[in-house]
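Here's the structure, in structure tokens; my notes come after.
Starting from 1, each residue takes its place in the sequence as its number. None of the values given here were measured: they were computed from a predicted structure.
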Amino acid sequence: MSHDNVTRLTSIKSLMGIPGEDCLVVIHSPTATELGRRYLLDKPTVGVGRGADNDIVILSDSVSRNHVRLERRGPDLFLQDLQSTNGTYANNEPQRINVRCLIPGDQIRIGDTVLKFLAGSDIEAQYHAAVNRMAITDGLTGLSNRMRLDTLLAEEVLRARRYNRALSVMMLDVDHFKRINDTHGHLIGDAVLRQIATALRQRLRPSDEIGRFGGEEFCAVLPETPLDKASLIAESLRELVQSQPFLVDETAIHLTVSIGISTLADNMQAEDLYRLADEALYRAKNAGRNRIAC
């Protein structure tokens, strides 16, 4: 769909006739103190941008002085991009927004900040659910964050020992990712990471858990998976990334990943699985990248 097309979606609130104070909640920001901040949308129009005259001020060089305007039209809330330099995006969709009727749950990316639109009869419950979700989710990619991975892996280690099941861990690192940031800028780099995260999550099994370990490094926990099967999964992910161009603003970016694998053995704990997978990852990178090591 062209970014000039208006996404005409009727909001759930207008369909149900539910009153409530609509708001935006910051779910990803380079400024840690902004996370969880709530902005009430209690005016007919709300301006968002870097300029001090906006109702919602986002102090970032990637945000235009007057970036977007939110406008109440009857029961619905519309977002209009004000010809911003870096564009406005929704829900990891690749097209820029021109005009969009917001629906509850929409995630709006303005520069390097992501805000979630909440609306309905129980804003407080939605707000606390969003904040709780932030505690275990990486705001950039939507994957599990390091804290969630730590908790899950510790649980899986106990379960694997109790039932005598296999357990493997993969560390994946995007090769030469710094070149993308240096060549195209950090916003393009962020968009590429989001697309990689989506591709990896879709290829893995429902029982697997993948998260962002840090920077351009991802970690996948593979329950009931011995080394040979983990190697096959890793190879499918490596081939997927190598064969799939990642499109950002009509620019095709080709990437590869290096992968390290570890498998649970006697007397090993979660931190040992992390360490051994990370050591294997470095062997893969030192051997020339775009390969797998165990």
Side-chain angles (χ1 to χ4, degrees), residues 133 135-178 192-244 246 254-294:
R133 182 66 181 165
I136 62 171
T137 303
D138 174 59
L140 178 65
T141 63
L143 301 179
S144 294
N145 62 13
R146 174 65 187 273
M147 184 174 72
R148 170 61 178 158
L149 284 172
D150 288 350
T151 301
L152 179 70
L153 183 56
E155 293 172 351
E156 289 297 338
V157 168
L158 292 175
R159 193 171 74 90
R161 293 204 188 288
R162 183 179 302 120
Y163 297 107
N164 194 27
R165 302 288 176 80
L167 173 64
S168 295
V169 167
M170 291 192 309
M171 288 288 190
L172 305 88
D173 191 76
V174 183
D175 296 326
H176 302 299
F177 186 75
K178 185 176 183 297
V192 168
L193 285 178
R194 290 194 297 273
Q195 290 186 37
I196 291 175
T198 298
L200 296 176
R201 180 168 47 194
Q202 290 175 345
R203 178 60 62 92
L204 288 171
R205 304 165 301 182
S207 59
D208 301 329
E209 185 75 21
I210 186 164
R212 188 180 178 204
F213 203 72
E216 62 273 15
E217 190 171 3
F218 299 89
C219 176
V221 179
L222 311 176
E224 302 187 19
T225 308
L227 181 60
D228 57 344
K229 290 185 178 179
S231 298
L232 292 175
I233 294 171
E235 178 60 20
S236 72
L237 296 179
R238 188 198 65 78
E239 291 179 350
L240 171 69
V241 175
Q242 182 184 36
S243 63
Q244 174 178 314
F246 296 91
H254 296 270
L255 299 168
T256 61
V257 293
S258 299
I259 304 176
I261 306 172
S262 64
T263 301
L264 186 66
D266 292 342
N267 300 319
M268 285 176 57
Q269 301 300 324
E271 56 268 26
D272 298 312
L273 285 166
Y274 280 147
R275 175 178 54 80
L276 292 173
D278 199 51
E279 290 174 358
L281 170 63
Y282 275 91
R283 289 198 297 273
K285 297 180 83 69
N286 290 334
R289 294 182 170 86
N290 189 26
R291 62 193 64 210
I292 298 163
C294 304

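N164 places none of its side-chain heavy atoms less than 4.5 Å from the side chain of R161. L200 places a side-chain heavy atom less than 4.5 Å from the side chain of V241. Between L152 and E155 the shortest side-chain heavy-atom distance falls below 4.5 Å. Between L140 and L193 there is a side-chain heavy-atom pair separated by less than 4.5 Å. Between L276 and T263 the shortest side-chain heavy-atom distance does not fall below 4.5 Å.
Atom CG of L143 sits about 12.0 Å away from atom CZ of R194, to the nearest 0.5 Å. For the atom pair CD of E216 and CD1 of I196, the computed distance is 9.5 Å after rounding to the nearest 0.5 Å. In this structure, CD1 on I210 lies 12.0 Å from CZ on R203, to the nearest 0.5 angstrom. The CZ atom of F213 sits 13.5 Å away from atom CE of M170, with the distance rounded to the nearest 0.5 Å. Note that the CG atom of L204 and the CG atom of L237 stand 5.0 Å from one another [nearest 0.5 Å]. Between atom CZ of residue R201 and atom CG of residue D208 there is a gap of 13.0 Å, rounded to the nearest 0.5 Å.
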With a 3.5 Å cut-off and sequence neighbours excluded, list the donor-acceptor pairs that the side chains of residues 265-273 form with protein atoms.
{"unit_1": "D272", "atom_1": "OD1", "unit_2": "R275", "atom_2": "NH2", "d": "3.4"}
{"unit_1": "D272", "atom_1": "OD2", "unit_2": "Q269", "atom_2": "N", "d": "2.8"}

For residues 218-227, dump all side-chain donor-acceptor pairs below 3.5 Å to protein atoms at least two apart in sequence or in another chain.
{"unit_1": "E224", "atom_1": "OE2", "unit_2": "R159", "atom_2": "NH1", "d": "3.4"}
{"unit_1": "E224", "atom_1": "OE2", "unit_2": "R165", "atom_2": "NH1", "d": "3.0"}
{"unit_1": "T225", "atom_1": "OG1", "unit_2": "R205", "atom_2": "NH2", "d": "2.6"}
{"unit_1": "T225", "atom_1": "OG1", "unit_2": "L222", "atom_2": "O", "d": "3.4"}
{"unit_1": "T225", "atom_1": "OG1", "unit_2": "P223", "atom_2": "O", "d": "2.8"}

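Residues V169 and A277 share a closest heavy-atom pair of O-CB, 4.0 Å. Across I292 and S231, no two heavy atoms sit closer than the pair CD1-O, 4.2 Å. Closest approach of R283 and A293 over heavy atoms only: CB-CB, 4.2 Å. For the residue pair L167 and A160, the shortest heavy atom distance occurs at CB-CB, 4.1 Å. Residues A199 and L240 come closest through the heavy atom pair O-CD2, 3.6 Å.
Under the 3.5 Å distance criterion, the side-chain polar atoms of D278 are left unmatched by any main-chain donor or acceptor of Y274. Formation of a donor-acceptor pair under 3.5 Å by the R212 side chain with backbone atoms of G215 is found in this model.
Residues that satisfy the side chain to side chain contact (heavy atoms under 4.5 Å, CB included) test with D175, not counting sequence neighbours, are T256, S258, K285, R289, N290.
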